[in-house]
Amino acid sequence: MDKLDIRLWTLAARGHIVPSRSLLKTPRQIAAIKKSAALNTAVLDHVAAHIHEGMSTVEIDRLVYDFTTEHGGIPAPLNYEGFPKSVCTSLNNVVCHGIPSEHEFLMEGDILNVDVSTILDGYYSDASRMFTIGDISPEAARLVRVTQECVDLGLKAAKPWGHLGDIAHAINSHARKHGYSVVEDIGGHGIGLEFHEEPFVSYVTPKGSEMVLVPGMMFTIEPMVNEGSPDFFVDEADDWTVYTIDDGLSAQIEYMVLVTESGIEVLSK
């Protein structure tokens, strides 16, 4: 039993939730995952350079598929558990998992989350951005701004040997301070060797709770912030698209991070 095993065993004996060694990425794995994350960020940059009013969300899907495959990658969402497209495009009152459509066009005033996930050489990465189309309402601008602040505060709260709940507390407190709610039943996840790994990353749990942040862990910080109720429903027709229960706006920003000995490293954003 090495020093890390002893420390994990001691924490577990004291009632803390600790990751299994299988969740801690090796230096070789981290190097390969970082290449996937770099491509994932490049895909989002490509979308940012071409997104415009009047385009359909299926055009965004084509941008993602073409750029990813031309650079040796595979869009992770494509055919994942039956998902039919290469990217999630979640518009206005869509919380997440929006399916690109040739009938859905970007209009002035829209806010849009583009969630890109990439497989490169068998390694996974994931991140999303909010895009604003033309002049948006002050209410929509405030929601997007506060969501970015939530992510920034969550990152600041994340420390090696702290807890996932520290991140959640920082995010949820800031959202509630501004009158917003954070979706409870959908959250972040571990990533790297698979698309979705343990742990589930909640953004509404108390400070000092949940899994200990051990160097080598890799996961997403991706709160979904609603201007109204945190509740939602899933479209019965496609079994994917998640809508706010009250038709209010929703925003999400996702970073993929690595816990290191000295802090938190953002891999894709």
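For the single chain, residues carry numbers from 1 onward in sequence order.
In this structure, a donor-acceptor pair under 3.5 Å is absent between the side chains of Asp235 and Thr241. Checking Ser229 against Asp246 by side-chain atom types alone, no donor-acceptor pair falls below 3.5 Å. Side-chain N/O atoms of Glu104 and Thr57 include a donor and acceptor closer than 3.5 Å. Using modelled atom types, one finds no donor on one side chain facing an acceptor on the other under 3.5 Å when comparing Asp115 with Ser128.
Ile253 and Ile136 fall within a single hydrophobic cluster, where Ile, Leu, Val, Met, Phe, Trp and Tyr are joined by side-chain heavy atoms under 4.5 Å apart, directly or via other members. In the hydrophobic clustering of this structure, Phe233 does not group with Val182; members are Ile, Leu, Val, Met, Phe, Trp, Tyr whose side-chain heavy atoms approach within less than 4.5 Å, directly or through other members. When hydrophobic clusters are built by joining Ile, Leu, Val, Met, Phe, Trp and Tyr residues whose side-chain heavy atoms come closer than 4.5 Å, directly or via intermediates, Tyr255 is grouped together with Ile171. Both Val212 and Leu24 are members of a single hydrophobic cluster when ILVMFWY side chains are connected at heavy-atom separations under 4.5 Å. Met217 is connected to Trp161 through a chain of hydrophobic side-chain contacts under 4.5 Å among Ile, Leu, Val, Met, Phe, Trp and Tyr, so both are in one cluster.
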Test side chain to side chain contact (heavy atoms under 4.5 Å, CB included) applied to Thr147 and Tyr180, step by step: CA-CA 9 Å; Thr147 302; Tyr180 300 131; over 6 Å; no

Candidate pair Met130 and Gln148, rule side chain to side chain contact (heavy atoms under 4.5 Å, CB included), full reasoning: CA-CA 9 Å; Met130 290 300 298; Gln148 180 66 66; over 6 Å; no

Audit row: Glu53, Asp110, side chain to side chain contact (heavy atoms under 4.5 Å, CB included) steps and yes/no: CA-CA 9 Å; Glu53 182 180 351; Asp110 284 339; over 6 Å; no

Stepwise side chain to side chain contact (heavy atoms under 4.5 Å, CB included) test for Phe219 and Val257: CA-CA 6 Å; Phe219 56 90; Val257 303; 3.7 Å; yes

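Relative orientation of the Phe83 and Trp240 rings is perpendicular, given thresholds of 30° and 60° on the angle between their planes. The aromatic rings of His50 and His46 sit tilted relative to each other, their planes meeting at an angle between 30° and 60°.
Atoms CG and OG, from Asp66 and Ser86 in turn, are 9.0 Å apart once rounded to the nearest 0.5 Å. Note: Ile191 CD1 to Leu258 CG = 12.5 Å, rounded to the nearest 0.5 Å. The distance from the CZ atom of Arg21 to the CG atom of Leu8 is 7.0 Å, given to the nearest 0.5 Å. Annotation: the span from Thr205 atom OG1 to Ile167 atom CD1 amounts to 9.0 Å, rounded to 0.5 Å. In this structure, Ser202 OG and Ile186 CD1 are separated by 12.0 Å, a value rounded to the nearest 0.5 Å. Ile74 contributes atom CD1, which lies 13.0 Å from atom OG of Ser117 (distance to the nearest 0.5 angstrom).
Inter-residue side-chain proximity for Lys3 and Arg7 is flagged as unmet; no heavy-atom pair is nearer than 4.5 Å. Two residues are said to be in side-chain contact when any heavy atoms from C-beta on lie closer than 4.5 Å; Tyr203 and Met224 fail this criterion. Counting heavy atoms from C-beta outward, Val259 and Ile264 have side chains that approach closer than 4.5 Å. For the pair Pro100/Ile60, no side-chain contact is recorded, criterion being any heavy-atom separation below 4.5 Å from C-beta on. Counting only heavy atoms from C-beta outward, the side chains of Leu39 and Ser125 never approach each other to under 4.5 Å. Leu193 places none of its side-chain heavy atoms less than 4.5 Å from the side chain of Tyr124. Contact check for Val234 versus His97: no side-chain heavy atoms found under the 4.5 Å cut-off. Side-chain contact between Pro75 and Thr69 is present, with heavy atoms from C-beta onward closer than 4.5 Å.
Here the rule is side-chain contact (heavy atoms from CB on, under 4.5 Å) with Thr41, and of Lys269, Met256, Arg129 only Arg129 fits it.
Here the closest heavy-atom approach between residue Leu91 and residue Leu106 is recorded as CD1-CD2, 4.0 Å. Between Ser268 and Ala37 the shortest heavy-atom distance is OG-O, 3.5 Å. Here the closest heavy-atom approach between residue Lys85 and residue Asp61 is recorded as CB-OD1, 3.3 Å. Nearest heavy-atom pair across Ser181 and Pro230 is OG-N, 3.1 Å. Nearest heavy atoms, Asn226 versus Ser250: OD1-OG, 2.7 Å. Taking all atoms of both residues into account, the shortest heavy-atom contact from Gly192 to Lys25 is CA-CE, 4.1 Å.
Within a 6.0 Å radius of OH in Tyr65, no more than 12 heavy atoms belonging to other residues, nucleotides or ligands are found. In this structure, Glu70 places its CD atom where more than 12 heavy-atom neighbours from other residues, nucleotides or ligands lie under 6.0 Å away.
Ring centers of Tyr80 and His196: under 6.0 Å apart, within the cut-off.
Listed for the Asn93 side chain is no donor-acceptor partner under 3.5 Å among the backbone atoms of Leu249. When atom types are taken as modelled, the side chain of Ser36 and the backbone of Tyr123 share a donor-acceptor pair closer than 3.5 angstrom. At least one donor-acceptor pair closer than 3.5 Å links the side chain of His189 to the backbone N or O of Phe195. Of the possible polar contacts, none joining the Glu210 side chain to the His163 backbone as a donor-acceptor pair under 3.5 Å is found. Remark: side-chain polar atoms of His71 are paired, donor with acceptor, to backbone N or O of Phe67 under 3.5 angstrom.
Between Lys177 and Glu149 there is no salt bridge, since no side-chain N of the basic residue sits under 4.0 Å from a carboxylate O of the acidic one.
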